[in-house]
Novice: 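Sharing a structure here in structure tokens format.
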Amino acid sequence: MSFQFSADKPYPEIQIEEQNKQYACAMLSNVGDCSSEMSAVSMYFYNSVIAKDQYPEIAQCFHKISVVEMHHLHIFARIAWLLGADPRLWCCSRGRTNYWSASSNPYTGHILTMLENAIYGEQETIEKYQMQMEYIKDENIVANLLRIIEDEKIHIEIFHELYGMISER
């Protein structure tokens, strides 16, 4: 089983046009919200550990995708920092900060459910980033969102393929 876990093209430079509090909150949401890159990293880490004995190839895929998600996490944290926010593992909502918690992850020991959750999470992430692109006018941030969406689409394809392989057994 051989997959490419991220798109071929390079990531755009991490830079901003100017500091913007609204954009910073959006980037913090991508860093430390319940539906965030940190959530993906931790969920895929967990899945790779649980799947290792019975599905070592799938466990390896979860691990490699988590590494890509960690890169996304770094990009969004850097952008948040440049925009003037403290890039802790938190998000801002209604003027308050809320720390990220692993308690929002859907933990399961069933491989098909892991893959379904991963597909749903990646789809939700793409929708979130597309919504952000509707109001973010900074071309640098939008370019990073677009590039990261390319990776998320690849992850969906991989998870669909893995799901098909397991469900056919």
Side-chain angles (χ1 to χ4, degrees), residues 4-7 9-50 61-108 114-159:
Q4 179 177 328
F5 297 96
S6 64
K9 72 186 219 186
Y11 292 91
E13 187 175 343
I14 300 172
Q15 59 186 4
I16 62 164
E17 292 171 7
E18 62 185 2
Q19 290 193 341
N20 181 305
K21 190 173 184 171
Q22 182 184 15
Y23 298 172
C25 281
M27 296 303 103
L28 287 178
S29 168
N30 299 344
V31 169
D33 200 359
C34 291
S35 174
S36 66
E37 296 294 337
M38 187 62 218
S39 293
V41 169
S42 66
M43 187 173 75
Y44 297 160
F45 162 76
Y46 174 83
N47 291 351
S48 71
V49 171
I50 299 302
C61 286
F62 274 121
H63 171 75
K64 288 184 177 184
I65 291 172
S66 76
V67 171
V68 176
E69 302 293 2
M70 197 177 312
H71 184 65
H72 299 166
L73 177 66
H74 181 264
I75 290 169
F76 288 132
R78 280 292 302 154
I79 293 171
W81 174 253
L82 293 173
L83 288 166
D86 184 348
R88 299 180 191 190
L89 294 179
W90 62 6
C91 63
C92 49
S93 176
R94 299 183 189 128
R96 295 178 48 185
T97 52
N98 300 304
Y99 278 97
W100 175 84
S101 170
S103 65
S104 60
N105 282 349
Y107 297 103
T108 180
M114 284 180 193
L115 293 167
E116 288 168 354
N117 290 341
I119 292 166
Y120 175 77
E122 296 286 346
Q123 290 169 334
E124 189 177 60
T125 296
I126 290 170
E127 290 172 15
K128 178 180 181 179
Y129 297 165
Q130 288 171 334
M131 283 184 10
Q132 289 174 348
M133 289 187 306
E134 290 178 13
Y135 66 86
I136 293 176
K137 304 302 178 204
D138 184 318
E139 292 179 19
N140 301 302
I141 298 171
V142 170
N144 275 283
L145 287 164
L146 283 168
R147 174 60 185 80
I148 289 170
I149 286 172
E150 289 183 40
D151 290 344
E152 307 299 8
K153 288 179 178 178
I154 289 170
H155 300 164
I156 290 172
E157 291 173 17
I158 292 169
F159 291 136

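These values consider heavy atoms only, across backbone and side chains, with no hydrogens, waters or symmetry-generated copies. We're numbering straight along the sequence, starting at 1.
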Novice: Please test H71 against S6 for side chain to side chain contact (heavy atoms under 4.5 Å, CB included), starting from the C-alpha separation and ending with a verdict.
Specialist: CA-CA 10 Å; H71 184 65; S6 64; over 6 Å; no
Novice: Main chain of E150, side chain of K9: is a donor-acceptor contact present, judged purely on distance under 3.5 Å?
Specialist: no
Novice: Can you check side chain to side chain contact (heavy atoms under 4.5 Å, CB included) on Y23 and K137, steps first, answer last?
Specialist: CA-CA 9 Å; Y23 298 172; K137 304 302 178 204; 3.5 Å; yes
Novice: Around Y107, counting heavy atoms of other residues, nucleotides and ligands shown, do more than 12 lie under 6.0 Å from its OH?
Specialist: yes
Novice: Report, as yes or no, whether the 6.0 Å neighbourhood of atom OH on Y46 holds more than 12 heavy atoms from other residues, nucleotides or ligands.
Specialist: yes
Novice: Once you round to the nearest 0.5 Å, how far does OH of Y44 lie from OG of S39?
Specialist: 10.0 Å
Novice: List the atom of A118, the atom of M43, and the distance in Å for their closest heavy-atom pair.
Specialist: CA-CE, 4.1 Å
Novice: Let's go through N47 and N117 carefully: what are the C-alpha distance in whole Å and the side-chain angles of both, what is the deciding distance for side chain to side chain contact (heavy atoms under 4.5 Å, CB included) to 0.1 Å, and is it a yes or a no?
Specialist: CA-CA 11 Å; N47 291 351; N117 290 341; over 6 Å; no
Novice: What's the separation between atom CD1 in I148 and atom CD in E37, rounded to the nearest 0.5 Å?
Specialist: 6.0 Å
Novice: Starting at NE2 of H74, measure out to OH of Y11 and round the result to the nearest 0.5 Å.
Specialist: 12.5 Å
Novice: How long is the span from the CZ atom in R78 to the CG atom in L83, to the nearest 0.5 Å?
Specialist: 10.5 Å
Novice: Which heavy atom of V41 sits nearest to which heavy atom of M70, and what is that distance?
Specialist: CG2-N, 3.5 Å
Novice: Roughly how far, to the nearest 0.5 Å, is the CZ atom of F5 from the OG atom of S66?
Specialist: 10.0 Å
Novice: Does N30 reach the side chain of Y129, with side-chain heavy atoms less than 4.5 Å apart?
Specialist: yes
Novice: What are the two closest non-hydrogen atoms of A7 and I154, and how far apart are they?
Specialist: N-CD1, 3.3 Å
Novice: Quick check: closest heavy atoms across V31 and R88, and the distance to 0.1 Å?
Specialist: CG1-O, 3.7 Å
Novice: For E139, I'd like to know if atom CD has over 12 heavy atoms of other residues, nucleotides or ligands within 6.0 Å.
Specialist: no
Novice: Are we looking at SG atoms under 2.5 Å apart for C91 and C25?
Specialist: no
Novice: State, without any angle test, whether S42 and N105 hold a side-chain donor-acceptor pair at a distance under 3.5 Å.
Specialist: yes
Novice: Going by the side chain to side chain donor-acceptor pair (under 3.5 Å) test, name the single residue among N144, D151, T125 that passes it with H72.
Specialist: D151
Novice: State, yes or no, whether a side-chain contact exists between D33 and K128 at a heavy-atom distance under 4.5 Å.
Specialist: yes
Novice: Within a strict 4.5 Å, meaning less than it, do heavy atoms of the F62 and L115 side chains meet?
Specialist: yes
Novice: Side chains of M27 and N20: does their closest heavy-atom pair fall under 4.5 Å?
Specialist: no
Novice: Kindly indicate whether the side chain of E152, heavy atoms from C-beta on, has any atom under 4.5 Å from the side chain of E69.
Specialist: yes
Novice: Any idea which heavy atoms bring L28 and D86 closest together, and the distance?
Specialist: CD2-O, 3.6 Å
Novice: Is E17 close to N140 at the side-chain level, that is, under 4.5 Å between some pair of heavy atoms?
Specialist: yes
Novice: Do other residues, nucleotides or ligands put more than 12 heavy atoms under 6.0 Å from Q4 CD?
Specialist: yes
Novice: To check you understand the geometry: which heavy-atom pair defines the closest contact between M114 and T108, and what is its length?
Specialist: CE-O, 3.2 Å
Novice: Look at the rings of Y99 and W90 and say which category their plane angle falls in: under 30° parallel, 30 to 60° tilted, over 60° perpendicular.
Specialist: tilted
Novice: With rounding to the nearest 0.5 Å, note down the distance linking CZ in R147 to CG in L145.
Specialist: 12.5 Å
